[in-house]
Amino acid sequence: MIDSAIIKNIIEKDFQKLINNVVFENENHLKDKLVKFLKLNLPANINIKSEEITKFGVLDLLINNEFIIELKYADNVGTLERGISEIIRYRNLDKIIIIIILDTGKLSKDILNKYSEYFKQAEAKVVIIIKAKGKRKRVDTNISFLENYIIGKHFIIVEEILKNFTGNKDSLKIALHRLEQKGEIERIEKGKYLIIPLGAEKRKYTLHEFVIGSTLIEPYSIAYWSALNYYGLTEQIPTTVFLQTTARKKNQDIKVFGVKYQIIKIKKEKVFGIRKEWIEETQINITDKEKTIIDCLDKPQYCGGIIEVAKALKNNKFDRKKLENYAQRIGNSGVLRRLGYLCELLNIKIKLPKLNIRNYLLLDPTMPEKGPKNAKWRLIINLDENVLGELE
């Protein structure tokens, strides 16, 4: 019998000792050495296959048709990035995935540890970091460098490439231009390109709008009306993707491949309630259900108005305690007033702090400033209460 703990143990100890003074040229060199080692150190009845072809990709190693071993020659971040998409594909094979990272000393310990966590989040059972000397053979041209870099990736982010790029920057720009002319990449915005897969056509191929949006600014979260729609809290399909951020961006209204994106800057104190979701093999940030409702009460203009929030609340698919906590944490009395009023109207039990406020606020700032006043919540009810109360 063999399990992942046994494989991990012999690689971390015995294989590590064997390769201490070896200079690896590339991933294939490492793979050849590891295959020979495993055949000598595992029982004779253990089956080891190299370069096993599956419908989800070519596996570096397959042991006993149970363990997938993928090797990462860690001399650049791009190699580690590709590992995430590989794990997502290979987990469809219903086998135990083991990632081995060869630390060649080119990347920091923090980066290696960060990607180790990413691999585990993507459901790799075991991640092993081994140290050895390594000097990958340099590619001859910038085109070759980029063509190798884009394998298994969705995007080219020039800023990321430059972190590990030692060539001429002007030549890199020319190489990017040539790849764009060849139809292998398409510009999203300055310094960012979508990679066009083999067989796909430029200007006809794209990715999910949330995945595209994740490249436009950092940090970010998919939020407001986009998040409402994602969770099924509104039947309306927004024509704009809303991104929330604490960063400044000169152009806050962007159009990419026919899709509109709006970037909304918020205070750091309002950044909470963010979760991660996998979309098209990419992990994106999105506000959770409760934070989405609170954000929409904070800025109704980015969700189609208060009526959309009322629909979300009537849906009743949220954590009440979390909603109460978020309502106070956001630091806006308008959120408390709107939430209190809507919950009372919709017969939803909720506990909110007492308000000591004199001024009146519009229930829906996207609508005309006309309507009766509600003294309890200090709101101008500029929407028909009957419509709000009869929502489906």
Side-chain angles (χ1 to χ4, degrees), residues 4-5 7-8 11-12 27 30-31 56-61 67-132 134 136 148-165 192 194-195 207-208 210-222 243 245 247 271-288:
S4 57
I7 296 172
K8 182 176 186 291
I11 291 173
E12 283 186 335
E27 192 172 290
L30 172 62
K31 180 166 53 187
F56 296 106
V58 181
L59 311 180
D60 286 342
L61 294 177
F67 302 92
I68 296 170
I69 295 184
E70 280 302 299
L71 308 173
K72 293 292 133 201
Y73 187 95
D75 66 339
N76 66 77
V77 173
T79 298
L80 298 177
E81 282 282 350
R82 289 194 289 275
I84 297 172
S85 61
E86 287 171 345
I87 294 169
I88 294 168
R89 293 200 308 273
Y90 297 159
R91 67 191 186 192
N92 291 303
L93 297 170
D94 197 29
K95 303 183 190 301
I96 295 171
I97 301 172
I98 299 172
I99 301 292
I100 299 175
I101 301 172
L102 180 69
D103 178 8
T104 62
K106 297 292 180 69
L107 299 177
S108 70
K109 183 179 180 181
D110 287 345
I111 289 176
L112 295 179
N113 289 337
K114 180 174 73 172
Y115 277 93
S116 292
E117 287 304 311
Y118 287 170
F119 294 155
K120 290 174 184 176
Q121 288 174 17
E123 297 184 16
K125 176 72 173 178
V126 176
V127 179
I128 304 167
I129 299 177
I130 54 176
K131 293 185 178 182
R136 192 191 290 268
N148 285 329
Y149 175 83
I150 67 179
I151 296 172
K153 296 177 76 69
H154 291 311
F155 305 104
I156 289 178
I157 310 295
V158 174
E159 189 176 291
E160 290 181 6
I161 293 178
L162 293 176
K163 291 176 183 177
N164 298 290
F165 185 71
K192 298 171 184 176
L194 173 68
I195 297 165
L207 291 170
H208 192 284
F210 288 2
V211 178
I212 297 290
S214 71
T215 70
L216 299 178
I217 195 160
E218 184 66 34
Y220 80 93
S221 295
I222 305 297
L243 301 169
T245 184
V271 178
F272 57 88
I274 298 168
R275 59 180 292 174
K276 293 184 180 295
E277 292 284 348
W278 288 100
I279 294 180
E280 294 182 356
E281 300 183 357
T282 300
Q283 201 173 44
I284 61 105
N285 302 326
I286 185 168
T287 52
D288 64 25

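All values derive from a computational prediction rather than experimental measurement.
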S.K.: Hey, does Pro219 have a side-chain heavy atom less than 4.5 Å from the side chain of Asn285?
M.R.: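 Asn285 does not reach Pro219 side chain to side chain.
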
S.K.: Quick one: side chains of residues 118-127, donor-acceptor pairs under 3.5 Å with protein atoms, not counting sequence neighbours, listed by atom name and distance.
M.R.:
none

S.K.: Looking at CG of Leu30 and OG1 of Thr104, how far apart are the two atoms once the value is rounded to the nearest 0.5 Å?
M.R.: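 OG1 of Thr104 is found 11.0 Å from CG of Leu30.
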
S.K.: Within this structure, what is the CG-CD1 distance for the pair Leu61 and Ile7, rounded to the nearest 0.5 Å?
M.R.: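 Result: 10.0 Å between the selected atoms.
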
S.K.: Answer yes when Lys72 and Glu86 have at least one side-chain N-carboxylate O distance shorter than 4.0 Å, and no when they do not.
M.R.: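 Yes, this pair counts.
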
S.K.: To the nearest 0.5 Å, how far apart are CG in Asp103 and OH in Tyr73?
M.R.: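 It comes to 11.0 Å.
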
S.K.: Quick one: CD1 on Ile129 to CD1 on Ile11, what's the gap to the nearest 0.5 Å?
M.R.: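 If we round to the nearest 0.5 Å, Ile129:CD1 and Ile11:CD1 are 13.5 Å apart.
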
S.K.: Measure from the side-chain N and O atoms of His154 to the backbone N and O of Leu207, and report whether any donor-acceptor pair falls under 3.5 Å.
M.R.: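 No; zero donor-acceptor contacts below 3.5 Å.
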
S.K.: Rounded to the nearest 0.5 Å, how far does CZ of Phe155 lie from CD1 of Ile195?
M.R.: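 Reported to 0.5 Å precision, the distance equals 8.5 Å.
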
S.K.: Determine whether Lys8 and Ile98 make a side-chain contact, defined as any pair of heavy atoms from C-beta on separated by less than 4.5 Å.
M.R.: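 SC-SC contact between Lys8 and Ile98 ruled out.
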
S.K.: Which residues pass the salt bridge (charged side-chain N to carboxylate O under 4.0 Å, His left out) test with Glu218, not counting sequence neighbours?
M.R.: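 Not a single residue meets the salt bridge (charged side-chain N to carboxylate O under 4.0 Å, His left out) criterion with Glu218.
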
S.K.: If you look at every heavy atom in Ile87 and Ile97, which pair is closest and at what distance?
M.R.: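 Residues Ile87 and Ile97, closest heavy atoms: O-CD1, 3.8 Å.
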
S.K.: May I ask you to test the Asp60-Glu27 pair for a side-chain heavy-atom distance under 4.5 Å?
M.R.: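 With C-beta onward as the side chain, the pair touches.
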
S.K.: Consider side chain to side chain contact (heavy atoms under 4.5 Å, CB included). Of Ile128, Ile101, Ile111, Ile99, which one does Ser116 pass it with?
M.R.: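 Of all the options given, the one that passes is Ile101.
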
S.K.: Does NZ belonging to Lys153 count more than 12 external heavy atoms closer than 6.0 Å?
M.R.: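 More than 12 heavy atoms, drawn from other residues, nucleotides or ligands, come within 6.0 Å of this atom.
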
S.K.: Keeping Arg275 on the side-chain end and Asp288 on the backbone end, is there a donor-acceptor pair under 3.5 Å?
M.R.: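 Checked: no pair found.
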
S.K.: Mind listing the closest non-hydrogen atom pair of Phe56 and Tyr90 along with its distance?
M.R.: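 Closest heavy-atom pair between Phe56 and Tyr90: O-CE2, 3.3 Å.
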
S.K.: Taking the side chain as every heavy atom from C-beta outward, state whether Leu71 and Leu102 have any pair of such atoms under 4.5 Å apart.
M.R.: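 SC-SC contact between Leu71 and Leu102 ruled out.
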
S.K.: If you measure from CD1 on Ile84 to CD on Glu281, what distance do you get to the nearest 0.5 Å?
M.R.: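 Taking CD1 in Ile84 and CD in Glu281, the distance rounds to 11.0 Å.
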
S.K.: Using modelled atom types only, decide if a donor and an acceptor are shared between the side chain of Thr245 and the backbone of Tyr220 within a distance under 3.5 Å.
M.R.: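 Not confirmed, Thr245 side chain does not pair with Tyr220 backbone.
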
S.K.: Please check if the side chain of Lys106 supplies one atom and the backbone of Asn76 the other of a donor-acceptor pair under 3.5 Å.
M.R.: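 Answer holds: no.
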
S.K.: Of Leu107, Asp110, Leu80, which meets side chain to side chain contact (heavy atoms under 4.5 Å, CB included) against Tyr115?
M.R.: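 So, applying the side chain to side chain contact (heavy atoms under 4.5 Å, CB included) to Tyr115 and each of Leu107, Asp110, Leu80, only Leu80 qualifies.
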
